[in-house]
Visitor: 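Structure provided below as structure tokens; questions to follow.
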Amino acid sequence: MSGTAKRLVAIPMKDPRDAKTRLGLALSPEQRGDLALTLFRATVTRLREAVTGCATRIDLAVVTGSPAICGVAESLGLNVIDDAGAPSLSPAVEAAADWATDQGYEALCVLPGDLAAPDPAELALLLAHPLDAGTAVICPAKDLGTNALLVPLPCPFAFAYGAKSTIRHRRAAEAAGLTPVMMPLGSLRIDIDTVEDLHHLPAGHLRRTRQEHAQ
């Protein structure tokens, strides 16, 4: 990679009021919003550990239409990309890819903000993966969703998030002439979507959320 090459990590985020609705049986709306923000902040912290010492410049951004998330992102020193009112994840990521391409980034990594406990070493391995051989890197979730996606820019295929999106992204990359690299990193398999996922959380995350709304 050239010395001027740079990559962008984009984290799509909903408004906290709309976050984690499938946790409604275990957490109140306020607790769900607090948990979403806790996971987001933890992901940013671990990403910053991961990019320390990287030979390639790696910038961080949030993709959102939420004023609340914008405020948090700005306080963390992140780039903010307007999702342009995207109704779902795929068009939000398309907006991020367009923005990153316009800004001269050579690659985009899409990472969810609700990973249970991403390992900085595994994040560094993902972010440093070469793309100059015409590859795209896909990290599958436990349910075959896509929990990380690293693509060259401009991306030659359409994003296809949703149930079992790992399969669709692999096929789309192949159809576009890229070689998909499946990278099943253990700490990126688990995101917090359902009540059953809560036991994967570091203990402090959920305890802090519940204590803040104990009354």
Side-chain angles (χ1 to χ4, degrees), residues 7-14 18-27 32 35-36 39-40 42-43 46-47 50 62-64 83 86-97 107-131 133-153 155-202 205-206:
R7 295 181 170 189
L8 183 72
V9 180
I11 305 172
M13 287 291 294
K14 296 179 181 179
D18 302 323
K20 303 291 152 208
T21 54
R22 285 190 282 173
L23 298 178
L25 293 177
L27 300 175
R32 297 198 303 268
L35 178 59
L39 291 168
F40 173 56
T43 296
R46 288 166 178 170
L47 276 167
V62 66
V63 189
T64 191
D83 68 10
S88 60
L89 182 54
S90 293
V93 174
E94 292 282 0
L108 173 71
C109 179
V110 184
L111 196 72
D114 61 354
L115 293 169
D119 178 9
E122 291 191 336
L123 289 171
L125 184 66
L126 166 65
L127 294 173
H129 196 285
L131 298 180
T135 57
V137 182
I138 304 167
C139 297
K142 66 184 187 304
D143 60 358
L144 292 183
T146 304
N147 267 3
L149 182 62
L150 177 65
V151 297
L153 292 176
C155 184
F157 61 87
F159 299 103
Y161 285 92
K164 297 185 178 180
S165 60
T166 286
I167 297 169
R168 289 194 300 278
H169 282 138
R170 184 186 66 202
R171 290 173 177 168
E174 289 173 337
L178 299 178
T179 300
V181 175
M182 306 307 295
M183 188 179 284
L185 298 174
S187 74
L188 303 190
R189 289 185 67 250
I190 307 297
D191 51 338
I192 306 302
D193 279 332
T194 67
V195 173
E196 291 73 22
D197 296 329
L198 291 173
H199 75 275
H200 292 289
L201 283 172
H205 284 4
L206 195 55

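Values reported hereafter were calculated over all heavy atoms of this structure, with side chains retained and with hydrogens, waters and symmetry mates removed. Along the sequence shown, the residues carry numbers beginning at 1.
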Visitor: Quick one: pull up CG in L111 and CG in L149 and give me the separation to the nearest 0.5 Å.
Guide: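 So the CG of L111 and the CG of L149 are separated by 10.5 Å.
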Visitor: Determine yes or no for a side-chain-to-main-chain donor-acceptor pair under 3.5 angstrom, with T166 supplying the side chain and A141 the backbone.
Guide: no
Visitor: So do V93 and D83 actually touch side chain to side chain, heavy atoms under 4.5 Å?
Guide: no
Visitor: Identify, with sequence neighbours excluded, every residue that meets side-chain contact (heavy atoms from CB on, under 4.5 Å) alongside P91.
Guide: A86, P87, S88
Visitor: In Å, rounded to the nearest 0.5 Å, how long is the span from CG of L108 to CZ of F159?
Guide: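 Reported value, rounded in 0.5 Å steps: 5.5 Å.
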Visitor: Judged by atom type as modelled, is there a donor-acceptor pair below 3.5 Å linking the side chain of R168 to the main-chain atoms of A160?
Guide: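 Yes, because the side chain of R168 sits within donor-acceptor range (under 3.5 Å) of the backbone of A160.
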Visitor: Walk me through it: do C139 and L126 pass the test side chain to side chain contact (heavy atoms under 4.5 Å, CB included)?
Guide: CA-CA 9 Å; C139 297; L126 166 65; 3.9 Å; yes
Visitor: Of the non-hydrogen atoms in A10 and A96, which two are nearest, and what is the gap between them?
Guide: CB-CB, 4.1 Å
Visitor: Show the numbers, then the answer: is there a side chain to side chain contact (heavy atoms under 4.5 Å, CB included) between L39 and L115?
Guide: CA-CA 7 Å; L39 291 168; L115 293 169; over 6 Å; no
Visitor: Please round to the nearest 0.5 Å and tell me the distance separating atom OG1 of T179 and atom CG of L131.
Guide: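 Rounded to the nearest 0.5 Å, the OG1-CG separation comes to 11.0 Å.
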Visitor: Are any of the side-chain heavy atoms of D119 and L123 separated by less than 4.5 Å?
Guide: no
Visitor: With a 3.5 Å distance limit and no angle check, can you tell me whether R189 reaches the backbone of P140 through a side-chain donor-acceptor pair?
Guide: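 Not a single qualifying donor-acceptor pair exists.
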Visitor: Out of curiosity, R7 CZ to L153 CG, how far, rounded to the nearest 0.5 Å?
Guide: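 Rounded to the nearest 0.5 Å, the CZ-CG separation comes out at 10.0 Å.
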Visitor: Give, for atom CD1 of I190 and atom CG of D114, the distance between the pair rounded to the nearest 0.5 Å.
Guide: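 Separation between the atoms: 11.0 Å.
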Visitor: For T135 and V181, indicate whether the former's side chain and the latter's backbone hold a donor-acceptor pair under 3.5 Å.
Guide: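 No.
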Visitor: Test of understanding: with side chain to side chain donor-acceptor pair (under 3.5 Å), list the residues that count as partners of E94, not counting sequence neighbours.
Guide: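 Not a single residue meets the side chain to side chain donor-acceptor pair (under 3.5 Å) criterion with E94.
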Visitor: Would you say that I167 contacts L144 through its side chain, given a criterion of any heavy-atom pair below 4.5 Å between the two side chains?
Guide: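 Result yes, sub-4.5 Å side-chain heavy-atom pair found.
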Visitor: Could you tell me which residues satisfy ring-ring contact (aromatic ring centres under 6.0 Å, His included) with Y161, sequence neighbours excluded, listed by chain and number?
Guide: H169
Visitor: For a quick test of reading the model, state the closest non-hydrogen atom pair linking G145 to D143 and the distance between them.
Guide: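 Taking every non-hydrogen atom into account, N-OD1, 3.0 Å.
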Visitor: So which heavy atom on I11 is nearest to which on P112, and how close?
Guide: CG2-C, 4.0 Å
Visitor: Ignoring hydrogens, what is the shortest heavy-atom contact between H129 and L150? Give both atom names and the distance.
Guide: O-CD2, 3.9 Å
Visitor: Kindly indicate whether the side chain of V137, heavy atoms from C-beta on, has any atom under 4.5 Å from the side chain of P180.
Guide: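 SC-SC contact between V137 and P180 ruled out.
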Visitor: What pair of heavy atoms forms the shortest contact from A117 to S187, and how long is it?
Guide: O-CB, 3.5 Å
Visitor: In Å, rounded to the nearest 0.5 Å, how long is the span from OG1 of T146 to CD1 of I138?
Guide: 6.5 Å
